[in-house]
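A short worksheet on the structure shown next.
Letters go in sequence order (proteins before strands), and every chain restarts at 1. All values reported here derive from a predicted model rather than from experimental measurement.
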Amino acid sequence: MDYKDYYKIMDLEKSADQAEIKRAYRKLARKYHPDVSKEPDAEARFKEIGEAYEVLKDPEKRAAYDQLGSNWKAGQDFHPPPDWDAGFEFRGGGYTEGNASDYSDFFSSIFGDSFRQSTTGRQPQGGFNMRGEDHHAKVVIDLEDAYTGATRAISLRSPEVNANGQVVTRDRTLNVKIPKGVKQGQKIRLTGQGSPGMGGGAAGDLYLEVQFNPHSSYRVEEHDVYLELPLAPWEAALGASIKVPTPAGPVDMKIPAGTRSGSKLRLKGRGIPAKQAGDLYVMPVITLPPAETDAQKALYEKMQQEMSYNPRAKLGV
Amino acid sequence: MATKILNGELLDETVELSLADLCQACSCHAEWVLTLVDEGVLEPVNRSRPHMRFTAISLERARRARHLQRDLGINLQGVALALDLLEQIDTLNARLIRLDKNY
């Protein structure tokens with residue numbers, strides 16, 4: 001288990017007063033809040049900051065933490081000294097409402113059991129029953145999966161109260177069917193897959209939020225899908241029947257004569273196949289064939305002579 | 001290792017959630033959800049109190065509101081403003097990606 005330097009995590013001096021600690025926490029929490037931040041490691045940072053604040057804002061915990069001594073370095077292998085917590089008593093209450101599983105092993109080793117029980121150790125009693133908590137998680141899929149449906153294995157880690165009223169962390173893996181027609185941000189509800197209920201109460205539900213991996217060719221907007229499609233000048237000028245890729249496999253498409261870059265061709269119903277299916281928009285991009293050999297150059301020269309085309313006519317030159 | 005495949009319910013635009021569903025999913029009280037409705041943070045499909053219905057969009061907004069209020073100590077008006085601004089940022093980012101890709 002690694003030692004955690006809570007002062008360093010919050011960028012504070014060891015001598016910081018409570019007001020400074022609160023200020024530092026508020027600033028960092030706003031910066032790294034997972035609902036606000038665009039930083040890639042926001043969630044991990046936010047948990048780390050929350051844990052550091054949990055300890056430093058509470059004079060009792062802070063004093064206990066400080067007593068571990070300042071010789072520890074962040075990341076160093078840590079074992080709590082034998083009777084390090086003698087003389088400290090941690091009162092329950094006043095903690096943030098985080099899950100026990102949000103805290104690091106380091107945290108649990110110092111504040112562990114007393115903390116876990118004081119926050120969540122609600123004992124099931126006679127006649128008392130309560131529905132289990134709902135859980136939320138994310139599942140990342142590819143755009144193609146939204147067309148065909150897919151099965152994903154999802155690993156979950158959740159705190160649970162066992163028969164003795166102790167909180168234990170349970171790891172489990174679920175195989176979940178991702179229905180076809182999902183779009184970015186939609187949720188799938190799995191009834192009864194949240195926390196177990198207490199005293200005969202029903203289990204909670206699990207909500208999975210669907211996110212798409214960014215795709216190299218397609219851009220997705222709601223149920224519509226956009227594809228940039230390269231065309232040869234003659235295909236665009238004369239019209240052509242060509243093969244166009246779609247997330248469900250290639251289809252044949254007619255390109256009308258006189259197609260320009262910047263126009264938009266619609267393949268109706270070829271977007272994400274939801275109840276109301278989206279469309280696939282093809283955005284033609286006319287590409288330039290190279291003029292490398294003499295024969296190729298001669299062709300361009302012939303075009304120049306025959307076509308008397310001025311691409312800058314609109315600019316008046 | 002369980003190989004059973006679970007079939008969930010897709011919460012698309014057609015699925016409506018009850019006030020109780022919403023409270024349970026956000027671990028919050030009905031009063032708090034009703035305050036969000038009064039503040040205009042949530043737009044229920046149906047406003048009549050005992051049978052108020054919501055879409056899954058409200059579920060996500062309510063969860064975000066709860067996190068912001070709890071973690072950052074923002075009051076409800078502040079939460080409402082933050083949610084609106086965050087949604088604007090999302091829309092602008094999507095536009096930026098579109099413009100970057102030039103189509």
Heavy-atom pairs under 4.5 Å with chain B - which of [options] has more of them than the others?
options	result
A:K187, A:Q193, A:K264, A:E221	A:K187
A:V210, A:V176, A:T191	A:V176
A:H136, A:Q186, A:K177	A:H136

With only heavy atoms counted, which part of [X] is less than 4.5 Å from chain A, the side chain, the backbone, both or neither?
X	answer
B:I57	neither
B:L86	side chain
B:A94	neither

Turns out that what part of A:Q276 lies under 4.5 Å from chain B's heavy atoms comes down to neither
Chain B contact via A:D35 - which portion, at a heavy-atom distance below 4.5 Å = both
So with a 6.0 Å cut-off around CD of A:Q18, is the heavy-atom count from everything else above 12?
-> yes
Test item: [X] and [Y] side chains (from C-beta on) under 4.5 Å apart, heavy atoms:
X	Y	value
A:Y6	A:E54	no
A:V285	A:M283	no
A:E235	A:I255	no

Side-chain donor-acceptor pairs of residues 6-15 of chain B under 3.5 Å, sequence neighbours excluded:
unit_1 : atom_1 : unit_2 : atom_2 : d
B:E9   : OE1    : A:R189 : NE     : 3.4
B:E9   : OE1    : A:R189 : NH2    : 3.0
B:D12  : OD1    : B:T14  : N      : 3.0
B:D12  : OD1    : B:T14  : OG1    : 2.6
B:D12  : OD2    : A:K275 : NZ     : 2.9
B:E13  : OE2    : A:K183 : NZ     : 2.9
B:T14  : OG1    : A:K275 : NZ     : 3.0

Hey, can you tell me if A:Y281 and A:Y226 have their rings parallel, tilted or perpendicular (30° and 60° cut-offs)?
-> parallel
Under 3.5 Å donor-acceptor, A:D145 side chain and A:D142 backbone | yes
Report the option among B:E60, B:H67, B:R63 that has the most heavy-atom pairs separated by less than 4.5 Å from atoms of chain A.
-> B:R63
